[in-house]
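Bear in mind the structure is a predicted one, so any value in this text is a computation, not a measurement. Residue numbers start at 1 and run along the sequence shown.
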Amino acid sequence: MSVFRTKSVEQSIQDTDEPGHRLRRELSALDLTVFGVGVIIGTGIFVLTGEVAKEKAGPAVALSFVAAGIACALAALCYAEFASTVPVAGSAYTFSFATLGELPAWIIGWDLVLELALAAATVAVGWSGYGRTLLGDLGWDLPSSVAGEHATFNIPAALIVLIVTGILILGVKISSRVNAVIVSIKLVVVLFVIVAGLFFIKGANYHPFVPKAVSTPELHGAKQPLVQVLFGYLPSTYGWAGIFAGAAIVFFAFIGFDIVATAAEETKKPQRDLPVGIIASLAICTTLYVAVSLVVVGMQNYRQLSIDAPLADAFEAVGHSGYATLISIGALAGLTTVVLILLLGQSRVFFAMSRDGLLPQWLAEVHPRFGTPARMTIIIGVIVAVIAGLIPLSALADLVNIGTLFAFVVVSIGVVILRRTRPDLPRTFRVPWSPVVPVLSVLACVYLMLNLPAETWIRFVVWMLIGFVIYFTYGHRHSRAGKSSVESR
């Protein structure tokens with residue numbers, strides 16, 4: 001049996017109507033856009049702005065967001081074409097199965113665990129930190145042993161994962177309504193930061209906008225970005241190298257727009273609504289990111305920005321500490337929706353893989369009342385809750401980034417392949433200037449990947465090797481596509 005056997009687009013769409021595996025179509029273009037905004041606006045806007053400005057790009061952190069946004073926009077166009085052509089749960093996994101074959105599809109599905117499940121656990125830990133700070137402001141101090149980055153068991157982090165898991169089980173429409181309410185709260189807070197911060201901007205804080213590059217020879221070996229290891233020049237911060245190194249970090253802030261594609265089977269009019277949801281959510285969030293980053297570095301010199309809570313601390317620096325509580329509430333709201341939608345995406349990817357037999361098929365059973373993959377959702381929720389409770393995962397954000405960028409590369413390549421192999425398929429959305437845009441998407445994503453530390457690449461390779469072992473010991477032998485090819489002989 002070939003590991004590169006493909007699953008036709010027609011078969012993928014036909015599988016969505018199987019009894020017991022049929023998801024309910026209840027989402028609109030607005031729902032998808034809110035989902036996208038809900039998952040994108042989170043850690044990046046509330047945390048990474050300060051880190052990247054202070055340690056990588058200076059006031060030019062806005063350009064880091066623009067560079068990362070451009071790379072995501074190129075990939076978003078490719079996702080939009082694929083999602084409208086193959087409106088099936090699973091996102092990059094399903095797209096890869098239709099173009100590259102079963103083994104590449106498995107690799108992408110396994111890779112998406114880094115983007116979705118691991119990111120959900122990481123964000124839950126961040127949620128716990130903000131929650132502990134907020135409760136402390138209200139006079140309720142939680143001991144560090146049960147909350148925060150270095151807790152023995154991080155109870156708030158595990159608890160928020162279990163709560164959103166329960167919401168996801170109850171149905172995608174209920175999830176979308178809860179998400180819409182929370183997204184509204186955090187958008188109000190983000191807009192408040194932008195408008196209120198305008199009154200405290202000092203022009204001097206923008207000079208120099210692109211600080212002079214500074215060598216950092218203390219970084220050696222696997223700590224260096226891979227591009228520096230390969231080409232032998234000394235690591236540096238600031239300057240244009242710092243801007244692009246910052247882009248590789250703030251890319252974490254954009255993770256999520258592709259998750260809109262995982263809800264394809266639950267969308268009323270996927271061919272029309274999926275491209276709208278993907279592109280609109282990315283455009284809205286990029287605009288807000290650039291605005292917030294410009295305001296924050298204008299309020300406070302980039303060298304003095306806080307890494308843990310740059311937005312709240314910037315207002316404290318200008319004498320408005322009372323705003324910090326409001327910003328913490330917005331951060332909690334933001335991180336809650338991120339956890340919810342990351343878990344939604346992970347459950348749908350594994351749902352598609354289970355339906356194809358690459359994971360146990362009983363996991364793909366849909367709840368008769370709620371119309372959701374309840375078994376898969378519960379298992380994923382419990383695992384992520386345990387991980388979030390036991391492990392401080394903030395240091396693994398780079399691993400989330402490389403997993404996402406790798407998925408973007410595969411989807412961009414897949415668009416070109418499917419155009420050539422199946423030009424007859426109806427495409428309600430087409431990537432403009434193909435294959436130029438998909439090629440630019442691949443180059444941009446690969447460049448950002450090369451700006452990640454070499455140790456991240458090592459971890460990524462190890463994770464992929466574990467995936468290979470699981471595929472050849474289970475998935476390859478239980479694949480429905482493999483069984484079908486044997487029966488047709």
Side-chain angles (χ1 to χ4, degrees), residues 6 9 12 29 32-33 36-37 40 62-88 91-101 104-105 108 115 240 243-244 247-248 250-251 253-262 264 267 269-287 289-290 401 404-451:
T6 58
V9 173
S12 294
L32 295 174
T33 301
V37 172
I40 297 172
L63 297 182
S64 294
F65 277 112
V66 170
I70 290 172
C72 287
L74 295 171
L77 294 172
C78 298
Y79 266 89
E81 176 170 328
F82 247 136
S84 64
T85 308
V86 193
V88 178
S91 185
Y93 160 76
T94 301
F95 306 156
S96 300
F97 212 154
T99 55
L100 303 177
I108 287 298
E115 176 185 355
W240 287 100
I243 290 172
F244 288 111
V250 300
F251 181 83
F254 289 93
I255 289 173
F257 76 84
D258 55 312
I259 295 175
V260 173
T262 67
T267 303
K269 298 179 180 179
Q271 286 81 4
R272 182 198 68 181
D273 294 345
L274 283 168
V276 173
I278 291 171
I279 296 172
S281 59
L282 182 61
I284 292 169
C285 294
T286 301
T287 302
Y289 279 168
V290 171
N401 286 351
T404 307
L405 285 163
F406 181 66
F408 288 3
V409 168
V410 174
V411 168
S412 301
I413 294 172
V415 165
V416 177
I417 293 175
L418 197 61
R419 284 273 190 103
R420 292 181 178 276
T421 58
R422 293 298 307 273
D424 57 304
L425 288 173
R427 292 170 169 84
T428 55
F429 179 87
R430 299 174 70 90
V431 177
W433 306 301
S434 181
V436 175
V437 168
V439 169
L440 289 176
S441 174
V442 171
L443 293 176
C445 292
V446 169
Y447 182 74
L448 290 179
M449 291 172 74
L450 291 175
N451 274 277

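Of the inter-residue distances, the one linking C72 atom SG with I278 atom CD1 reads 12.0 Å to the nearest 0.5 angstrom. One distance of note links CD1 of I70 with CG of L448; it measures 10.5 Å at 0.5 Å rounding. For the atom pair OG (S441) and CG (L77), the distance works out to 8.5 Å, reported to the nearest 0.5 Å. Expressed to the nearest 0.5 Å, how far CG of L274 lies from NZ of K269 amounts to 13.5 Å. Note that CD1 of I279 and OG1 of T33 are 10.0 Å apart. Values are rounded to the nearest 0.5 Å. To the nearest 0.5 angstrom, F82 atom CZ is 4.5 Å from T99 atom OG1.
The shortest heavy-atom contact between A444 and A71 is CB-CB, 3.9 Å. Here the closest heavy-atom approach between residue V410 and residue S96 is recorded as CG1-OG, 3.3 Å.
For F244, the ring pair (Phe, Tyr, Trp, His ring centres under 6.0 Å) partners at least two apart in sequence or on another chain are Y447. Contacts of L425 classified as side-chain contact (heavy atoms from CB on, under 4.5 Å), with partners at least two apart in sequence or in another chain: V9, E10, T85, L418, R422, R427.
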Exercise for review: Assess whether side-chain contact (heavy atoms from CB on, under 4.5 Å) is satisfied between V415 and F95, documenting all intermediate values.
Suggested key: CA-CA 9 Å; V415 165; F95 306 156; over 6 Å; no
Practice item. For T404 and F254, run side-chain contact (heavy atoms from CB on, under 4.5 Å): C-alpha distance rounded to whole Å, both residues' side-chain angles, the deciding distance at 0.1 Å, then the answer. Key: CA-CA 10 Å; T404 307; F254 289 93; over 6 Å; no
Practice item. Apply side-chain contact (heavy atoms from CB on, under 4.5 Å) to the pair V276 and L32, showing each step before the final yes or no. Key: CA-CA 8 Å; V276 173; L32 295 174; over 6 Å; no
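The side-chain heavy atoms of V431 and P438, taken from C-beta on, include a pair separated by under 4.5 Å. Between V442 and I413, some side-chain heavy-atom pair lies under the 4.5 Å cut-off.
Taking the six-membered ring wherever Trp is involved, the centroid distance between the rings of F408 and F251 falls below 6.0 Å.
T6 contributes no side-chain N or O that, together with a main-chain N or O of F97, makes up a donor-acceptor pair within less than 3.5 Å.
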